[in-house]
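A quick note: this is a predicted structure, and the numbers were derived from the prediction, not measured.
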Amino acid sequence: MLSLAWPLVFLLLPLPVLLRYWLPPSTPAVSALRVPFYDQLTTLASHKRLRKHMRLVLPALIWLLVLLAAARPQWLELQRPLDMTARSSMLAFDLSASMLKEDLDTPGVSRFAATRQLVLQLLEQRPEDRFGLIFFASEAFLQSPLTFDHISLHHWLDTASPGIAGDNTAIGDAIGLGIKKLRQLPATERNLILLTDGANNSGIMPPRTAARFAAREGIRIHALGIGQPGNGNQDGPDLALLQEIAWLTGGRALHVTDNTLEPLLQLLDSLPANLSARSTLQAQELYSWPLLGALLLAMLQAACLLWQGNPAIRHVAEP
């Protein structure tokens, strides 16, 4: 199937004509000559105007081919659909300043580094799943909606760092944003995975209230506490709160003290899945062909101008 990636480029098609009328014309000569054979000169002038219009054919074709190349013509082929079992999950990633603390089983590895490595391994192990990404600290914001584009998710995780959204932890606001993005999805796709290392000490919505709203919308929250447990403060995850959030929404709570992926994979395997057929389109770029045609016509136009402007060439060619 032939398609154009950027068809709006053809809006530039009348640009040469507009420039011709917008630019000021050359100043004509003021002197005039009276001749008795004016009708014959008019006939000759009409033939010259016709030849002049004919000389505009090649530039017009060149301009059309250049626009066609700029519009990126593509040949699209539908690949064979693949039946796969896919799950959809929104990841809420804690980026508070405490994520820089190093108290895991692996020496010299911060909570943030271990959590990011855990999520990156998850994306690699589950390429058929769809993930979204929420970053939160003092505030919560959507970094990526649910997508199969794991390359983009890798990019956002590689560029993230603790403190970019504040130093505190707004667990309730992160859950509220997750509710907003998941409530319109099918019931089997309303999964929120909360990855946090602290207790809620910021934000507008209390976590338990947010969890009740999530349960009302059929959203399951699976809470992962990162690092050594705390006592309801910023020193570590509030495991009692995370367990209550998971219980209220029908999810599960995990305590993570290293970057082992197996518990998280087991959690995802327990989620309901959809059997879906995904089809992809393979695009073959064709812009080189109109671009080559424009180049050949430009060379032909240059040769014609050289021929018309060099009397010696015409003299040799004429018998």
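- Residue Ser138 holds its OG atom at 11.5 Å from CD1 of Ile164, rounded to the nearest 0.5 Å.
- The hydrophobic clustering, which links ILVMFWY residues whose side-chain heavy atoms are closer than 4.5 Å, places Leu300 and Ile62 together.
- With values rounded to the nearest 0.5 angstrom, His222 atom NE2 is found 11.0 Å from Leu91 atom CG.
- In terms of hydrophobic clustering, with Ile, Leu, Val, Met, Phe, Trp and Tyr side chains grouped at heavy-atom distances under 4.5 Å, Trp75 and Leu68 are assigned to different clusters.
- Panel note: side chain Asn191, backbone Ser88; a donor-acceptor pair is recorded below 3.5 Å.
- Its side chain within the 4.5 Å cluster rule, Tyr21 clusters with Val17 among the Ile, Leu, Val, Met, Phe, Trp and Tyr residues.
- Heavy-atom neighbours of Ile204 CD1 from other residues, nucleotides or ligands within 6.0 Å: at or below the threshold of 12.
- Note: Leu67 CG to Leu11 CG = 10.0 Å, rounded to the nearest 0.5 Å.
- Nearest heavy atoms, Phe148 versus Asp129: CD2-O, 3.8 Å.
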- Task: Quick one: do Leu15 and Leu19 satisfy side chain to side chain contact (heavy atoms under 4.5 Å, CB included)? Show the steps, please.
- Result: CA-CA 6 Å; Leu15 181 61; Leu19 291 178; 4.1 Å; yes
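- Looking at Leu194, Asp173, Ile245 one by one, the single match for side chain to side chain contact (heavy atoms under 4.5 Å, CB included) with Pro207 turns out to be Ile245.
- Taking 4.5 Å as the limit, some side-chain heavy atom of His154 sits within range of a side-chain heavy atom of Leu123.
- Minimum interatomic distance between Ile221 and Ala214 (heavy atoms only, all atoms of both residues): CD1-CB, 3.9 Å.
- By the 4.5 Å heavy-atom criterion applied to side chains, Thr115 and Met99 are counted as neighbours.
- Side chain of His150 to backbone of Leu120: no donor-acceptor contact under 3.5 angstrom is found.
- Between Phe136 and Thr169, some side-chain heavy-atom pair lies under the 4.5 Å cut-off.
- Environment of CD1 in Ile151: sparse, with no more than 12 heavy atoms of neighbouring residues, nucleotides or ligands closer than 6.0 Å.
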- Query: Is there a side chain to side chain contact (heavy atoms under 4.5 Å, CB included) between Asp197 and Lys101 once you walk through the steps?
  - Reply: CA-CA 10 Å; Asp197 76 324; Lys101 190 173 182 179; 5.6 Å; no
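- A single hydrophobic cluster is seen to contain both Leu64 and Trp6, as judged by linkage of ILVMFWY side chains at heavy-atom distances under 4.5 Å, directly or through other members.
- With contacts defined as side-chain heavy-atom distances shorter than 4.5 Å, the pair Phe93/Val119 qualifies.
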- For side chain to side chain contact (heavy atoms under 4.5 Å, CB included), just list the numbers for Leu224 and Ile193, CA-CA rounded to whole Å, side-chain angles, deciding distance to a tenth of an Å, and then say yes or no. CA-CA 7 Å; Leu224 277 71; Ile193 299 178; 4.0 Å; yes
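- The CG atom of Leu292 lies 4.5 Å from the CG atom of Leu296; values are rounded to the nearest 0.5 Å.
- Here the closest non-hydrogen pair linking Gly172 and Ala210 is O-CB, 3.6 Å.
- Atom OG of residue Ser144 and atom CH2 of residue Trp156 lie 8.5 Å apart, to the nearest 0.5 angstrom.
- Trp247 and Phe213 fall into different hydrophobic clusters, where Ile, Leu, Val, Met, Phe, Trp and Tyr are joined by side-chain heavy atoms under 4.5 Å apart, directly or via other members.
- The local environment of CH2 in Trp63 is crowded, with over 12 non-hydrogen atoms from other residues, nucleotides or ligands closer than 6.0 Å.
- Distance alone, capped at 3.5 Å, places no donor-acceptor pair between the Thr209 side chain and the Met205 backbone.
- A 4.5 Å side-chain heavy-atom check between Ile226 and Thr196 finds every atom pair outside the cut-off.
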- Message: Does Leu254 form a side chain to side chain contact (heavy atoms under 4.5 Å, CB included) with Arg252? I'd like the steps, not just the answer.
- Response: CA-CA 7 Å; Leu254 296 177; Arg252 293 176 56 187; 4.1 Å; yes
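- Atom-to-atom distance recorded for Phe141:CZ and Ile134:CD1 is 10.5 Å, nearest 0.5 angstrom.
- What you find for Ala160 and Phe135 is that their closest heavy atoms are CB-CZ, 3.6 Å.
- Here the side chains of Asp238 and Leu242 are not in contact, with every heavy-atom distance at 4.5 Å or above.
- Side-chain contact between Lys181 and Leu142: present, with at least one pair of heavy atoms (C-beta onward) separated by less than 4.5 Å.
- Using a cutoff of 4.0 Å between basic side-chain nitrogens and carboxylate oxygens, Glu189 and Arg130 are scored as salt-bridged.
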- Task: Step by step, work out the salt bridge (Lys or Arg N to Asp or Glu O under 4.0 Å) result for Glu217 and Arg190.
- Result: CA-CA 9 Å; Glu217 297 290 341; Arg190 299 176 189 174; 5.0 Å; no
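- Residues Leu146 and Met90 are in side-chain contact: their nearest non-hydrogen atoms beyond the backbone lie under 4.5 Å apart.
- Counting heavy atoms of neighbouring residues, nucleotides and ligands inside a 6.0 Å radius, atom CD of Glu139 does not exceed 12 of them.
- Here the closest heavy-atom approach between residue Ser110 and residue Leu100 is recorded as CB-O, 3.6 Å.
- Linking ILVMFWY side-chain heavy atoms closer than 4.5 Å, directly or via other members, places Val66 and Leu58 in a single hydrophobic cluster.
- Checking Asp94 against Ser96 by side-chain atom types alone, a donor-acceptor pair falls below 3.5 Å.
- Other residues, nucleotides and ligands contribute over 12 non-hydrogen atoms within 6.0 Å of the CD atom of Glu285.
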